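Please read all numbers here as calculations on a predicted model, not as lab measurements. Heads up: numbering here begins at 1 and tracks the sequence.
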Amino acid sequence: MNDKKDFLAGAGVNTRLSHIGNSPSDYHGFVNPPVVHASTVLFPDAKTMETRGQKYSYGTRGTPTTDALCEAIDALEGAAGTILVPSGLAAVTVPFLAFLSAGDHALIVDSVYFPTRHFCDTMLKRLGVTVEYYDPMIGAGIESLIKPNTRLVHTEAPGSNTFEMQDIRAITTAAHRHGCVVTMDNTWATPLYFKPLDHGVDISIHAATKYPSGHSDILMGTVSANAKHWEQLHETNIALGICGAPDDSYQILRGLRTMGVRLDRHQESTMTIARWLEERDDVARVLHPALPSFPGHDLWKRDFTGSSGIFSFVLKVDGPEQFKPKAHAFLDALSIFGLGWSWGGYESLAVHVGLSDRRICKAPSEGPVIRLQIGLEDVADLRRDIDAGFAAANAI
């Protein structure tokens, strides 16, 4: 057979997902790479051991299984290198630890994933890092917030729960003028719909727990770096001793094979439901960047090639005292939608979003925010389930 590397460079996304990160000829023709369980690795002689003069030296530094996944993520991200960590949150915190020191200043988008905010307000603060939150819509104006000791700018687009868009190119351009590292949580879009490194981001972060896994049973994060920042990220990961497990890596690699097909389905179903919700009198607003009515739609349309399966809507109520009762009535009436914190799996989920942590991006005043993860179920059944939720909320 011909070498497929050159062929894959110009291939479609599903073709690439089917073939990256595996080399059957390396493993006697078997299609999937083996799961290599490892801690101790033996060396042929003392000099090789002293110099670590072979590809593998210890389980924390990689195995053929974890390398296969890293190679696949590198191909998707266009990265110089990728590290694997045990969760999406660790994928955020490890690069923070890699590039921030005591006395540094970090700019964090105010629509950030709440556990990231908790890490910033506790661990980073204790380590002597000053954290400042900024408006996601600030764009090039972020330059006015950069101080002489600003070392890192963290972005997340769309924003967690309320889906604010960011002008990533404008932010990276301003940040790099001052020598700042730019990190981005790109879990919502995946590298299929947005490639951060192509837009100037230095470190691309992904909770592989979500769409790469796709089956709600694996916890993992990936962190991919450009050439300038790869060695420092890699050395920090080794120093911390944090690594992804071979079994989990195998399952994520397996999930990648169908991620494109699943995302197409998630996107189609989600857009159908989001448009339907926009037409309902009991919905105040739908928070989805792919809708023309959304304030950040133009940025999404300019930079992204698709949208995934999670968004929110604001339930219309008569007053603040009804926020929680109506939200809980809506959720408790659901049958197909599960009540769960995660997303990206095959099943639909719903949650009443808490936004009390926001400093700048305040919670909508019209009503409670309900976040929906649209799974792979039939749209007609999902609409029927949502209808039951509205009926219950309206009865309060």
Side-chain angles (χ1 to χ4, degrees), residues 13 16-17 20 69-70 72-85 87-96 98-99 107-109 111-116 136 152-172 175 181-214 219-226 229-230 233 252 255-256 259-260 262-263 266-267 270 288-290 296 299-311 342-344 373:
V13 65
R16 296 182 71 214
L17 286 170
I20 55 176
L69 178 56
C70 288
I73 301 299
D74 284 344
L76 293 176
E77 297 271 15
T82 293
I83 63 170
L84 307 178
V85 293
S87 70
L89 178 58
V92 178
T93 61
V94 169
F96 283 9
F99 298 104
L107 289 168
I108 310 294
V109 64
S111 53
V112 73
Y113 174 54
F114 174 74
T116 297
L152 183 143
V153 178
H154 181 64
T155 65
E156 182 178 335
S160 184
N161 295 320
T162 43
F163 301 92
E164 295 87 352
M165 290 300 302
Q166 294 194 259
D167 190 335
I168 298 298
R169 175 60 71 178
I171 290 171
T172 59
V181 177
V182 181
T183 60
M184 180 177 180
D185 186 335
N186 189 45
T187 302
W188 184 87
T190 81
L192 272 60
Y193 292 156
F194 184 80
K195 297 180 71 172
L197 302 186
D198 287 353
H199 291 260
V201 172
D202 300 304
I203 306 292
S204 178
I205 293 161
H206 197 178
T209 304
K210 309 317 195 228
Y211 293 113
S213 167
L219 288 168
M220 182 170 282
T222 67
V223 190
S224 302
N226 59 20
H229 296 87
W230 164 240
L233 175 69
I252 297 293
L256 285 181
M259 186 170 73
R262 287 186 283 106
L263 276 171
H266 286 299
Q267 176 172 220
T270 300
H288 194 313
L299 282 173
W300 173 85
K301 189 174 182 180
R302 186 192 72 183
D303 294 341
F304 287 61
T305 60
S307 62
S308 60
I310 184 169
F311 71 103
S342 193
W343 44 277
Q373 135 80 7

Steps toward side-chain contact (heavy atoms from CB on, under 4.5 Å) verdict (Thr187, Tyr113): CA-CA 11 Å; Thr187 302; Tyr113 174 54; over 6 Å; no
Sub-3.5 Å donor-acceptor pair from the side chain of [X] to the main-chain atoms of [Y], do we have one?
X      : Y      : result
Ser204 : Pro196 : no
Gln373 : Gly344 : yes
Trp300 : Gly306 : yes
Ser111 : Ser160 : no

Verdict with reasoning, Thr222 to His206, per side chain to side chain donor-acceptor pair (under 3.5 Å): CA-CA 5 Å; Thr222 67; His206 197 178; 4.5 Å; no
For Glu164, all residues meeting salt bridge (charged side-chain N to carboxylate O under 4.0 Å, His left out), sequence neighbours excluded: Arg358
Residues Leu256, Met259; criterion side-chain contact (heavy atoms from CB on, under 4.5 Å); working and verdict: CA-CA 5 Å; Leu256 285 181; Met259 186 170 73; 3.9 Å; yes
How many angstroms lie between atom [atom1] of [X] and atom [atom2] of [Y], to the nearest 0.5 angstrom?
X      : Y      : atom1 : atom2 : answer
Lys210 : His266 : NZ    : NE2   : 12.5 Å
Ile205 : Asp185 : CD1   : CG    : 6.0 Å
Phe163 : Glu156 : CZ    : CD    : 9.5 Å
Phe311 : Asn161 : CZ    : CG    : 13.0 Å
Asp198 : Arg169 : CG    : CZ    : 8.5 Å

Compare every heavy atom of [Y] with every heavy atom of [X], then report the nearest pair and how far apart it is.
X      : Y      : result
His288 : Ser308 : NE2-O, 4.3 Å
Leu233 : Ala225 : CD2-CB, 3.8 Å
Met165 : Gly296 : CG-O, 3.3 Å
Leu197 : Ser224 : CD2-O, 4.3 Å
Tyr211 : Ile310 : OH-N, 3.9 Å
Lys195 : Leu76  : CE-O, 3.0 Å

Between His154 and Thr183, a side-chain donor and acceptor under 3.5 Å: yes
Within-4.5 Å side-chain heavy-atom neighbours: Leu17 and Leu192: yes
Residues Thr209, Ser342; criterion side-chain contact (heavy atoms from CB on, under 4.5 Å); working and verdict: CA-CA 9 Å; Thr209 304; Ser342 193; 4.3 Å; yes
Side chain to side chain contact (heavy atoms under 4.5 Å, CB included) involving Asp303 - partner list, sequence neighbours excluded: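 By the side chain to side chain contact (heavy atoms under 4.5 Å, CB included) rule, Asp303 matches Phe194, His199.
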Reference residue Asp167; test side chain to side chain contact (heavy atoms under 4.5 Å, CB included); the match among Leu299, Thr155, Thr172: Leu299
